[in-house]
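The next block holds one structure in the form of structure tokens; read it before the comments.
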Amino acid sequence: MGQQKNVEGYVGFANLPNQVYRKSVKRGFEFTLMVVGESGLGKSTLINSLFLTDLYSSEYPGPSHRIKKTVQVEQSKVLIKEGGVQLLLTIVDTPGFGDAVDNSNCWQQVIDYIDSKFEDYLNAESRVNRRQMPDNRVHGCLYFIAPSGHGLKPLDIEFMKRLHEKVNIIPLIAKADTMTPEECQQFKKQIIKEIQEHKIRIYEFPETDDEEETRIARKIKDCLPLAVVGSNTIIEVNGKRVRGRQYPWGVAEVENGEHCDFTILRNMLIRTHMHDLKDVTNNVHYENYRSKNLAAVSCNGVDNNRSKGQLTKSPLDQMEEERREHVAKMMKMEQEMEQVFEMKVKEKLQKLKDSEMELQRRHEQMKKNLEALHKELEEKRRQQEEEKASWEAQQRILEQQKLEASRTLEKNKKKKIF
Amino acid sequence: MMSPSGFPPPPVKSQQQRILVLQLIASVMASTEIARQAGEGARAVPLSGHVGFDSMPDQLVNRSVNHGFCFNILCVGETGLGKSTLMDTLFNTKFEGEPTQHNQPGVTLKSNTYELQESNVRLKLTIVNTVGFGDQINKEESYKSIVEFIDAQFEAYLQEELKIKRTLHSYHDTRIHACLYFIAPTGHSLKSLDLVTMKKLDSKVNIIPIIAKSDAISKSELTKFKIKITSELVSNGVQIYQFPTDDESVAEINSTMNSHLPFAVIGSTEEVKIGNKMVKARQYPWGTVQVENENHCDFVKLREMLIRVNMEDLREQTHTRHYELYRRCKLEEMGFKDTDPDSKPFSLQETYEAKRNEFMGELQKKEEEMRQMFVQRVKEKEAELKEAEKELHEKFDRLKKLHQDEKKKLEEKKKSLDDELNTFKQKKTAAELLQNQAQQAGGSTTLKRDKERKN
């Protein structure tokens, strides 16, 4: 899109990352982690081990210690600080999950919770007056699989199928210290196979251009699902104080890579991919939720054949377009009406003109007739006058003649007598 | 160096700097926004070891670096104030364009995007230039194209944000993050065009006023000029961008710089040898003005503030303040409003539907109105035409009557003439009869006489 330009000498925008760093630390971070699994799988212990804190303690007991009849969704918020970075951590747990005899729909509460967080975010985002929105969406879900060694239970499959499009699922094998490494390998293979069979999409580690990161990502992938062990107790082993579980036959160390995948989990979840989990939640899961939700809105009152194309338009845009369409329609209608109007008026005017012309013509004709008549009369009169005059003249002459004749007669008479 | 777990330590880019920053922040016990937001619901718990989430900022930074950054600058100023040269100087590269003439009929905005890289940081830089600003005789409309351009970028972002299927994370943000306003180096005060324009822009973009070609002003004049400009801006209520002082690590330098605004800058891409180095400078007979010499001009300060220290803040302000304002106004204009958060939860769906229904109702009403108007017009025109027709007929009726009258008169005349003729004829016939008689009598006498004569 833009042209490549070479920068010579010092400009300074290489400092941008530091500016971003500075601002992010000032703002602080938040992360919501959901833990799902039957009671007794060591969820609380794992959380405590992961975050090296007594999130769940005697004061704030973990889910298994809270007796629940039905599945609940509960959250605990803690504020932890490390190296100047503050993290608001929300752990969402689901006491009672899978514990009942009939567990149909026990995932519903979980789905509802996740959706309600999406809805809150969507509403906050859609407000006219927006403020800095807290991000309470669920960024990751640790799903605990019981270490049966055989495969996934139907409940596991059902849960993951229903939630893989709503949240980043990270399946874990709980209490991995009950299996030997070989058994663990088998178990993992079986689980992966079943996950692929059921087309479940678990959280994937992004492969970037960075070779190192890609290598790490591939390494993790080979270990999935991670088999973990958690512990609240610290034991001394070979002079070192480690978290572990003391058995008569030895100590299973939590942070020992040969004993379990705990360190991989912690590194992945917290140290390298925490932000990516948030990004995927924001860019994929939330967007899915949002587009489904909004598509439902704009499809109301609109016929279905048009709705497909409208998905890429915002509702406001849609309304704008409808408004434009309507304006165009109105303009056309106005034009048409105007045309018809003009035509009719023209017709009428033409008719009027015609009749005017006709009447004018008649008037002219009549005038002409009258003039002709007038002329005729004049002519006649003139003739008459002439005739009269000539006849009168004639008469006078005749009279004169007569007079002369009678005089002559008189004269002659007189002459004759002599 | 690998840690026991087999993983490399978090990225070590300018680690010392990072530590310094973190120490500064930690030492002032700053309460983060998140902590404030958490409020009562969260409890603080101590950690018994190194968990590792202190790498979160690094993770964020890595992602940002991989994604690349983008920054958009708008240069507003009259033709010939050295806008393009300054951009070239700031970014140490030759950007596009030839110098423009002064004969532009209006103000147009030309934008160019460039991909720059410094160390491992990729920057997509867009420079928007106002072409023809201040060249017209009537400059009343000058600011309009600028405001429209800025709004258009906001609008594009808003549209993307409102789409149902959207891709915000890969969207190329074209919103203007910084507006460099070039003030002509008159030495006296701001022009009214400047005040008007800046007033129109201050709620839409971060304005950084700079005195261009400041090598035309002497130092003492410059101080007075800056004071005058600042006081004029204040008295006219123009909000220019203030470098942020809420972050302890940069508060000091930012507040110092704030007092140096507006920056008096000079741009030059030509290099001159000073001592044994080649520096960017402008050579005059009376001396050489060095661009990067802080005694000569504020170029270094501008670069420092704009790029090195506050680029991210400029982007953030644009997004959280200016864009939000635009969005709010636009939505309110279209009739959206938030329902009272206490009464019932804000439902997007309901609002959209209500909006839509209202909107459709409006459209239908308009349609009806138009129809009615037409019916009215038709009626009126019909009446008009009828009136005209009536008049016409009346006129001709009158004429007809006139004709008839005249005809009658003529006929009467004719009749009288005929009567005369008849009388005349009668007279004539009578007279002729008499004559005939007389003639007969006299005729024989005359005949006799004539006969006698002959004899």
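Proteins come first, then strands; the chains are lettered A, B, ... in the order of their sequence lines, and each starts at number 1. All values below come from the heavy atoms of this structure, side chains included, with hydrogens, waters and symmetry mates left out.
Under a 4.0 Å N-O distance rule, the pair B:Asp418/A:Lys380 qualifies as a salt bridge. Using a 4.0 Å cut-off between a side-chain N of Lys or Arg and a carboxylate O of Asp or Glu, B:Arg63 and A:Asp279 qualify as a salt bridge. Remark: B:Lys425 does not engage A:Glu387 in a salt bridge, criterion side-chain N to carboxylate O under 4.0 Å.
Counting only heavy atoms from C-beta outward, the side chains of A:Ser355 and B:Leu392 approach each other to under 4.5 Å. Using a 4.5 Å heavy-atom threshold, the side chains of B:Phe53 and A:Leu89 count as separate. The shortest distance between side-chain heavy atoms of B:Met56 and A:Lys278 falls below 4.5 Å. Side-chain contact between A:Leu377 and B:Leu417: present, with at least one pair of heavy atoms (C-beta onward) separated by less than 4.5 Å. With a 4.5 Å cut-off on side-chain heavy atoms, B:Arg166 and A:Arg290 count as touching. With a 4.5 Å cut-off on side-chain heavy atoms, B:Glu382 and A:Lys344 do not count as touching. Residues B:Ser249 and A:Arg22 have side chains in contact (heavy-atom distance under 4.5 Å, counting atoms from C-beta outward). Contact check for A:His374 versus B:Lys413: side-chain heavy atoms found under the 4.5 Å cut-off.
Residue B:His403 forms a side chain to side chain donor-acceptor pair (under 3.5 Å) with just one option from A:Lys367, A:Arg362, A:His363, A:Gln365, and that option is A:His363.
Of the possible polar contacts, one joining the B:Glu118 side chain to the A:Gly12 backbone as a donor-acceptor pair under 3.5 Å is found. Side-chain N or O atoms of B:Gln59 include one that pairs as donor or acceptor with a backbone N or O of A:Arg271 at under 3.5 Å. The backbone N or O of B:Pro46 sits less than 3.5 Å from a side-chain atom of A:Thr53, completing a donor-acceptor pair. Of the possible polar contacts, none joining the B:Asp54 side chain to the A:Gly84 backbone as a donor-acceptor pair under 3.5 Å is found. Here the side chain of A:Gln19 pairs a donor or acceptor atom with the backbone of B:Glu312 at under 3.5 angstrom.
Pairing each heavy atom of A:Arg266 with each of B:Val51, the nearest pair is CD-O, 3.8 Å. Considering all non-hydrogen atoms of both residues, B:Glu367 and A:Met330 come closest at CA-SD, 3.6 Å. Contact detail for B:Gly52 and A:Ile270: the closest heavy-atom pair is C-CG2, 3.8 Å.
When each of B:Arg377, B:Arg303, B:Arg122 is scored by its heavy-atom pairs under 4.5 Å with chain A, the top score falls to B:Arg377. Ranked by non-hydrogen atom pairs under 4.5 Å with chain A, the options B:Lys400, B:Met373, B:Arg371, B:Glu411 are led by B:Arg371. Annotation: maximal heavy-atom pairing with chain A below 4.5 Å, among B:Thr320, B:Asp246, B:Val65, occurs at B:Asp246. The greatest number of non-hydrogen atom pairs below 4.5 Å with chain A, out of B:Thr167, B:Asp313, B:Leu306, B:Leu125, is found for B:Asp313. When each of B:Met370, B:Glu304, B:Lys407 is checked for heavy-atom pairs under 4.5 Å with chain A, B:Met370 comes out on top. With chain A as the partner, the residue from B:Val309, B:Asn310, B:Val250 showing the most heavy-atom pairs under 4.5 Å is B:Val309.
Residue A:Gln75 does not touch chain B at all, counting heavy-atom pairs closer than 4.5 Å. Using a 4.5 Å cut-off between heavy atoms, B:Arg315 does not touch chain A at all. Residue contact with chain A, scored on non-hydrogen atoms closer than 4.5 Å, involves the side chain of B:Phe69 exclusively. For B:Leu90, the part sitting under 4.5 Å from any heavy atom of chain A is the backbone (N, CA, C, O) and nothing else. Contact annotation for A:Lys351: neither backbone nor side-chain heavy atoms come within less than 4.5 Å of a heavy atom of chain B. The part of B:Arg327 that comes within reach of chain A is its side chain, from C-beta onward, which places non-hydrogen atoms under 4.5 angstrom from that chain. With a 4.5 angstrom heavy-atom cutoff, B:Gln117 touches chain A only via backbone atoms. The contact between B:Phe91 and chain A is made by backbone and side chain atoms together, counting heavy-atom distances below 4.5 Å. Of the two parts of B:Lys409, neither the backbone nor the side chain holds a non-hydrogen atom closer than 4.5 Å to a non-hydrogen atom of chain A. Residue contact with chain A, scored on non-hydrogen atoms closer than 4.5 Å, involves the backbone and the side chain of B:Glu420 alike. The parts of B:Ser48 that come within reach of chain A are both its backbone and its side chain, each placing non-hydrogen atoms under 4.5 angstrom from that chain. Contact annotation for A:Phe341: only side-chain heavy atoms (C-beta onward) come within less than 4.5 Å of a heavy atom of chain B.
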Chi angles and distances behind the salt bridge (charged side-chain N to carboxylate O under 4.0 Å, His left out) call for A:Glu338, B:Lys381: CA-CA 13 Å; A:Glu338 191 78 45; B:Lys381 199 65 179 196; over 6 Å; no
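A:Phe13 does not carry B:Arg308 over the face of its six-membered ring by the limits of under 6.0 Å from the centre and within 45° of the normal.
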